[in-house]
Amino acid sequence: MALIQVLCFGEALVDRLGPQADYLGGAPANGACALARLGTPVAWLGRLGNDAIGKRFAELFAVRAVNTAGLQWDAERPSRVVLVQRDATGERSFAGFAGDRGLGFADQAVDRRALAAVVEPAFASAQWLLVGTLALASPASSEALTWLLQWAKTAGVALAVDVNWRPTFWDPAAPTESGPPPAAIARIRPLLEQAALIKCAAEEAQWLFGSQDPGVISAALSQRPLVVVSDGANPLRWCWGGQAGSLEAFAVPVLDTTGAGDALTAGLLHRLCAQPELLQPGLMGAGSGADVRELMRFASACGALVCEGEGAIDTQPTKAAVAAFLSGRPG
């Protein structure tokens, strides 16, 4: 069995787009499945209800060959169902949850000790830990994430943060398009200060840093991370090693944007696992600008292909599909 290269920690849930339209999702689960589809050995760490949704995820992870040694089962709390609204352009918003029986959802109750018992002996080979911010919204999952961050720092595992701000996870009464309040920003900030890679949407960048400029964001953090800012159909922008760049979004027929950003992040990590030298700006040569641009083209293609179908996971591309997509498009 291949050694695990990426750990994805956090929520696995159902996106409910209508009465008969339930799709497996959740950013960390999406990322794990996308990485596995691309051929990167990956593990998902998190907690599911011992219910039909949990069983569907177990089957999906088995089919995709996602390592589930860190999957915890909850006999009391259900797997989360997120109510999703989608407009005519495929853009979606989140309108609350379904299934809560009074104790919250399984993803909120990750057990730190059980997580440590699996991670420390099993995943020393990992190059990356991918997390979002939603685990910080609940005490137990926040405690588990805090431990995981310390482990990663000690073990020399690079941290990737896909911000994935969703106000209703923090406050069910919050407007669906509201930004993070100061208390949430204070809890998110330590993640950003440890990250080697930060991927965020343009509005998330504005909320957290007061700027959508990746160079401004990278310079605001002492470790000078690789920062990638996505903005839907607008250009993808990045800054790394003092070098800024942008890439026009690929034009595709958009049915559903759910999971596109997660696929983009998976594309970044897939290529960074294959080319770890890109993370060492002191070793970047004259061709490094072209190398980074090619990294961004690959990642952007992963996101674009997901938009052509419904749901976040079924349309995730293989490496061959990405190569075929890019072969007909100029660099």
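We use all heavy atoms of the structure for the numbers below, so side chains are in, but hydrogens, waters and symmetry mates are not.
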- Determine whether Leu3 and Gln5 make a side-chain contact, defined as any pair of heavy atoms from C-beta on separated by less than 4.5 Å. no
- What residues form a salt bridge (Lys or Arg N to Asp or Glu O under 4.0 Å) with Asp74, not counting sequence neighbours? Arg47, Arg77
- Task: Report yes if the side chains of Leu38 and Val322 come closer than 4.5 Å at any heavy-atom pair, otherwise no.
- Result: yes
- Apply side chain to side chain donor-acceptor pair (under 3.5 Å) to Glu193 and list each qualifying residue two or more places apart in sequence or on a separate chain. Arg189
- Message: The criterion is salt bridge (Lys or Arg N to Asp or Glu O under 4.0 Å); which residues satisfy it with Glu120, sequence neighbours excluded?
- Response: none
- Given side chain to side chain contact (heavy atoms under 4.5 Å, CB included), test Asp256 with Thr315 step by step and report yes or no. CA-CA 10 Å; Asp256 181 9; Thr315 53; over 6 Å; no
- Query: With a 4.5 Å heavy-atom cut-off, do Met296 and Trp240 have their side chains touching?
  - Reply: no
- Gln316 meets the side chain to side chain donor-acceptor pair (under 3.5 Å) criterion, sequence neighbours left out, with Arg64
- Derivation of the side chain to side chain donor-acceptor pair (under 3.5 Å) call for Gln150 and Thr154: CA-CA 6 Å; Gln150 184 57 53; Thr154 302; 3.3 Å; yes
- Message: Check whether Ser79 reaches the backbone of Gly49 with its side chain - one donor and one acceptor, N or O, closer than 3.5 Å.
- Response: yes
- salt bridge (Lys or Arg N to Asp or Glu O under 4.0 Å) involving Glu308 - partner list, sequence neighbours excluded: none
- Any pair counted as salt bridge (charged side-chain N to carboxylate O under 4.0 Å, His left out), so long as it reaches residues 205-214, sequence neighbours left out: none
- Message: Consider side chain to side chain contact (heavy atoms under 4.5 Å, CB included). Of Thr133, Leu136, Val82, which one does Phe169 pass it with?
- Response: Val82
- Query: Which pairs, with at least one residue in residues 216-244 and sequence neighbours excluded, count as a salt bridge (charged side-chain N to carboxylate O under 4.0 Å, His left out)?
  - Reply: none
- Phe105 side chain near Leu13 side chain, heavy-atom distance below 4.5 Å: no
- Message: Going by salt bridge (Lys or Arg N to Asp or Glu O under 4.0 Å), name the residues that satisfy it together with Arg80, two or more places apart in sequence or in a different chain.
- Response: Asp107
- Item | With sequence neighbours excluded, residues passing side chain to side chain donor-acceptor pair (under 3.5 Å) with Arg112 | Glu143
- Message: For Ser142, give me all partners under side chain to side chain donor-acceptor pair (under 3.5 Å), at least two apart in sequence or on another chain.
- Response: none
- Task: Output every pair passing ring-ring contact (aromatic ring centres under 6.0 Å, His included) with a member in residues 27-53, not counting sequence neighbours, ordered by first then second residue.
- Result: Trp44-Phe61
- Query: Which pairs with one or both residues in residues 216-237 pass ring-ring contact (aromatic ring centres under 6.0 Å, His included), sequence neighbours excluded?
  - Reply: none
- Message: What verdict does the side chain to side chain contact (heavy atoms under 4.5 Å, CB included) test give for Leu159 and Trp128, after you've listed the backbone C-alpha separation in whole Å, the side-chain angles of each residue and the deciding distance to 0.1 Å?
- Response: CA-CA 6 Å; Leu159 176 65; Trp128 284 93; 6.0 Å; no
- Message: If we count only N and O atoms by modelled type, under 3.5 Å, do the side chains of Thr258 and Asp15 hold a donor and an acceptor together?
- Response: no
- Between Gln223 (side chain) and Ala195 (backbone), is there a donor-acceptor pair under 3.5 Å? yes
- Short N-O contact, Arg56 and Glu59, less than 4.0 angstrom: no
